[in-house]
Amino acid sequence: MRDCLGFRTRWWMMAGLILVILSVACGKGEEKKKQAPAGSGGAAEEKQSAGSEPAISGASAAETTSLETRSRKYAEQIAGGLLTEIWDDLSPELSNQLTKEGLQASWNSVADGVGAFEGIEKVQNEENGTYRIILVTMRFRQNQGRSLRFVYDGEGQIAGIWFDVAEVAKKEGEAGQAGAWSETDITIGRKPWPLKGKLTLPEGKEAPVVILLADAADADMDGSVGQNKNKPLRDIAHGLAERGIASVRYHRRSYEYASLVSSEDGLYDTLLQDAWYAVDQMYNERRVDRDRIYILAMGKAADYMPGIIKKKAKRLSGAILMAGKPVAVTERYYSQEEKTFSSDASYFMEENNTFPLLMMQGEEDFETTVNDFEQWKNIGKGRSHIVYHMYQHLNHYFMRSSGENDRKQYDISGTVSTTVIRDIAAWCVKDPSAN
């Protein structure tokens, strides 16, 4: 059982899913035909293209319909936090290896960061030997999808369960509904460096707006990271829109003009100038509230937030620093003449006694550490205009951490924690600049 348990544990950590291997999976060769599907990734080998629903040759239509109905019900119950009925239908082997707490914790780790459950997107079925597989794709708010794969044995009992992230078709908020929003293309900056972006607008009156800056210098407008292209800035934009707050995000210059921007180009060219343009454009944007403009930066962009704010403080109502370090940097740059740019966290705190700041930190962030966060608190000690939030179990991108201290954890599909987005929205709605 050692190899099977190791395999199961590895997938628990990687995707927050439950993979139960029946005892036959570790049996002798002649028994392998009977095992629950556990292909090279711990999941059943997919034999159809996305969206197809293959016929099950060895099962009647009535049996398939019954299992689909049950799976729909189980999925809805799990989304609602009800595990009693599904627990009663587990096979003896599976129930001996799981606990209700473990089942709930595994679902929570996958579902963290999604909004309210909206319904079943689709149900697919497949057969693998004596096992019947029903895949239920669920839609949540923020255009988030999660899948539940139920494996049934010949007795109709649940022999295995997988929880995972799933793609669902993008659906913007419907007009007239609470939380409705729309998204439109926008261009940030000027020639010769115009940047593609998105303006996300909640329905209704002019809303406060948050300018979103990605961590990496070569990031796209969504801040995409990892093999699965997790999109932290898109998550935040859509989550804020549902809460009545507009946002704008755009490609970083080193992403859109990768062949033209060199490693010698400094902060002015790759970050500051475009961020300042974004502030000015939102100030003149009629679809948002020009008196409530905020700027949010993640990671390395947040490191230089003092310098960004310094030039545009009169047009900004506050700033959100997510996983930023309190650094000091000075750089010469050339605009129409030689100038010097500086960003010094300590000097900024001494000089600005009232500018509102929201400081956010993931407790399991190995890039920007808790020690960095404590340094911010020390240099900002006694300042009532600064709000601090620390989040357990979250990584550098404010998604659920795998516990590993390397960038491979960003390859795991995830979304920004709903709690984080809620806190950002609440801070902006409160309008800290009015205090």
Side-chain angles (χ1 to χ4, degrees), residues 1-46 59 63 66-68 70-112 124-138 146-166 393 400-404 409 412-414:
M1 290 297 290
R2 180 179 58 196
D3 292 339
C4 288
L5 289 174
F7 179 74
R8 183 183 65 189
T9 302
R10 186 161 59 251
W11 272 93
W12 180 294
M13 293 300 296
M14 288 186 63
L17 55 84
I18 300 175
L19 172 59
V20 178
I21 307 294
L22 303 181
S23 57
V24 294
C26 292
K28 297 181 180 179
E30 64 268 24
E31 296 178 354
K32 289 185 178 179
K33 295 186 294 182
K34 300 180 182 180
Q35 72 183 50
S40 61
E45 181 181 354
E46 296 293 344
E63 290 173 334
S66 175
L67 291 181
E68 288 182 355
R70 286 173 58 189
S71 299
R72 281 177 174 270
K73 180 172 63 176
Y74 295 145
E76 291 171 348
Q77 290 174 343
I78 289 173
L82 303 175
L83 300 176
T84 302
E85 188 166 350
I86 189 173
W87 189 260
D88 292 339
D89 291 342
L90 300 183
S91 69
E93 293 88 350
L94 182 54
S95 61
N96 287 335
Q97 297 182 52
L98 290 179
T99 63
K100 288 183 180 180
E101 293 76 14
L103 183 64
Q104 186 67 61
S106 184
W107 168 249
N108 290 345
S109 69
V110 172
D112 182 50
Q124 299 166 271
N125 60 71
E126 187 182 348
E127 183 178 12
N128 192 311
T130 60
Y131 293 91
R132 308 281 298 285
I133 305 164
I134 306 295
L135 178 65
V136 180
T137 302
M138 308 163 70
R146 296 294 183 267
S147 68
L148 285 77
R149 186 185 298 266
F150 300 96
V151 179
Y152 295 92
D153 62 20
E155 303 298 320
Q157 295 179 313
I158 300 171
I161 308 172
W162 284 256
F163 299 150
D164 208 348
V165 176
H393 312 304
R400 188 84 176 184
S401 173
S402 69
E404 299 296 326
Q409 68 167 277
I412 302 170
S413 295

Of all the heavy-atom pairs spanning L148 and A75, show the shortest one and how long it is.
-> CD2-CA, 4.0 Å
Hey, does V151 have a side-chain heavy atom less than 4.5 Å from the side chain of W162?
-> yes
Taking C-beta and beyond as the side chain, do S91 and E155 meet within less than 4.5 Å on heavy atoms?
-> no
Here the gap from D164 atom CG to R149 atom CZ, rounded to the nearest 0.5 Å, amounts to 8.5 Å
Between S106 (side chain) and L103 (backbone), is there a donor-acceptor pair under 3.5 Å?
-> no
Minimum heavy-atom distance between Y74 and I158, given as atom pair plus value = CE1-CD1, 3.6 Å
Value for CG (N125) from CD1 (I134), rounded to nearest 0.5 Å, stands at 5.0 Å
Report yes if some heavy atom in the side chain of R70 is under 4.5 Å from a heavy atom in the side chain of D89; otherwise report no.
-> yes
Ring geometry between F163 and W107 (parallel below 30°, tilted from 30 to 60°, perpendicular above 60°) = perpendicular
Nearest 0.5 Å please: distance from the CG atom of L94 over to the CD atom of Q157.
-> 9.5 Å
Note, R146 side chain near V165 side chain (heavy atom, < 4.5 Å) = yes
Between CZ on residue R72 and CD on residue Q77, distance to nearest 0.5 Å | 14.0 Å
Y152: which of I133, L67, T130 passes side-chain contact (heavy atoms from CB on, under 4.5 Å) = L67
Measure from the side-chain N and O atoms of Q409 to the backbone N and O of E404, and report whether any donor-acceptor pair falls under 3.5 Å.
-> yes
With a 4.5 Å limit on heavy-atom distance, are the side chains of L135 and E126 in contact?
-> no
